[in-house]
**Q** 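Quick one: the structure is below, questions incoming.
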Amino acid sequence: MPIILHLDLMLVKRKMKSNVLARAVGITEPNLSSIKSGKIKGIKFSTLEAICKHLQCQPGDLLEYVPDEETNFELREAS
């Protein structure tokens, strides 16, 4: 998947446990764990906003786009 989540890194930087963030944001620990591991297909903007607000960060601190090989191949073919 070309979107990489860095929530675990941000938690380490903020010296915060997952369960504390889950309670503060109002989501379950299993849901937060799924976000941390990248095993999600989407995230509500309200959840992303709450996470950013509580961690005092920007969405770009948590999300990174890295094109996969298939995307790179399609871009080369279109040129």
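The shown structure was predicted, so the numbers you read here are calculated from the model rather than taken from an experiment.
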**Q** Determine, using the 4.5 Å side-chain heavy-atom cutoff (strictly less than), whether Leu9 and Leu63 are members of one ILVMFWY cluster.
**A** no
**Q** Could you check whether any side-chain heavy atom of Asp61 comes within less than 4.5 Å of a side-chain heavy atom of Met10, counting everything from C-beta outward?
**A**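 Yes; the side chains approach each other to less than 4.5 Å.
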**Q** Could you pull out all donor-acceptor pairs under 3.5 Å where a side-chain atom in residues 48-56 meets a protein atom, sequence neighbours excluded?
**A**
none

**Q** If you look only at distance, which donor and acceptor atoms sit under 3.5 Å apart when one is on a side chain in residues 22-32 and the other is two or more places apart or in another chain?
**A**
from, atom 1, to, atom 2, distance (Å)
Arg23, NE, Asn19, O, 3.3
Thr28, OG1, Asn31, N, 3.1
Thr28, OG1, Asn31, ND2, 3.3

**Q** Working to the nearest 0.5 angstrom, can you tell me the gap between Leu5 CG and Lys39 NZ?
**A** 12.5 Å
**Q** List in chain and number order the residues that pass side chain to side chain donor-acceptor pair (under 3.5 Å) with Ser18, two or more places apart in sequence or in another chain; answer none if no residue qualifies.
**A** Lys36
**Q** Kindly compute the distance separating NZ (Lys13) from SG (Cys57), expressed to the nearest 0.5 Å.
**A**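 Result: 9.5 Å between the selected atoms.
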**Q** Check Pro67 against Pro2 and note the closest heavy-atom contact, atom names and distance.
**A**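 Minimum heavy-atom contact is CA-CB, 4.2 Å.
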**Q** For the atom pair CD (Glu64) and CD1 (Ile4), what is the distance rounded to the nearest 0.5 Å?
**A** 5.0 Å
**Q** Do the side chains of Ile40 and Tyr65 join up, straight or via other hydrophobic residues, at under 4.5 Å, putting them in one cluster?
**A** yes
**Q** From the options Asp8, Ile43, Leu21, Leu62, select the one residue that forms a side-chain contact (heavy atoms from CB on, under 4.5 Å) with Ile35.
**A**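 It is Ile43, the one option of Asp8, Ile43, Leu21, Leu62 that forms the side-chain contact (heavy atoms from CB on, under 4.5 Å) with Ile35.
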